Structure formats: structure tokens, C-alpha cells
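Here's the structure we're looking at; comments come further down.
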Amino acid sequence: MKYSEKNNDNLGFETYLVPDTPAAFAIKEADNAYYPAEQIHTVSLATLDNEFAKVLTTEELIKKLSLTEAIQS
């Protein structure tokens with residue numbers, strides 16, 4: 001998920017990320033350190049939020065899109 005958001009930001013798009021949409025996978029490093037998927041997911045969201053994307057709940061995004069549509073009408 002990181003690359004899409006970073007590229008969107010580089011191109012000047014306002015990007016929103018809903019936390020329950022991307023998948024994350026556990027990682028086992030060469031030194032056998034193990035990082036569960038939930039931890040990877042949480043850290044990935046934290047590193048993207050307010051830097052390359054705005055992390056919003058589904059409800060927050062729907063409200064934001066509805067407000068934007070009302071303003072444009």
C-alpha cells in the first residue's frame with residue numbers, strides 16, 4: 001500500500017486511506033525476528049498518515065465525500 005500513496009502524493013493528489021481496506025502480511029526477517037501482520041499494518045498506517053495520505057475510517061470518508069459533493073453542486 002505504501003507505494004501507491006507515495007506516488008499519489010508525488011503527483012499532487014489528495015489521498016485517503018481506509019484502514020480496513022489493505023491487507024498486511026507477517027514478516028520474518030533473516031535474523032528470525034517475527035512481526036505479526038497486525039503490527040505491520042498498524043506501523044504502515046502510522047507512517048503514511050498525514051505524510052502521504054490521510055487515514056480515515058469508512059464513515060469519515062463517506063462524510064467527507066458527501067460534503068465535497070454538496071459543495072460542488
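Just so it is clear, the model here is predicted, and its values are computed rather than measured.
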Going by side-chain contact (heavy atoms from CB on, under 4.5 Å), name the residues that satisfy it together with [X], two or more places apart in sequence or in a different chain.
X	result
Asp20	Val18, Thr58
Asp31	Glu29, Ala33
Ser66	Ile62
Asp9	Phe52

Exercise for review: Identify the two heavy atoms, one from Ala26 and one from Tyr34, that lie closest to each other, and give their separation to 0.1 Å.
Suggested key: CB-OH, 3.3 Å
Practice item. Any chance you could measure Ile27, atom CD1, to Ile40, atom CD1, to the nearest 0.5 Å? Key: 3.5 Å
**Study point:** Flag, side chain of Asp49 to backbone of Val55, donor-acceptor distance under 3.5 Å
**Key:** yes
Review point. Taking His41 for the side chain and Pro19 for the main chain, is one N or O donor matched with an acceptor at less than 3.5 Å?
Key: yes
**Study point:** Side-chain heavy atoms of Lys54 within contact of Asn50, under 4.5 Å
**Key:** yes
Exercise for review: Output all residues satisfying side-chain hydrogen bond (donor to acceptor under 3.5 Å, both in side chains) with Glu14, sequence neighbours left out; order by chain, then residue number.
Suggested key: Tyr16
Revision key, fill the gap. Residue pairs meeting salt bridge (charged side-chain N to carboxylate O under 4.0 Å, His left out), one or both in residues 57-67, sequence neighbours left out, come to Glu59-Lys63
Study note, to complete from the structure: Exactly one candidate in Ser44, Ser4, Pro22 meets side-chain contact (heavy atoms from CB on, under 4.5 Å) with Leu17; the answer is Pro22
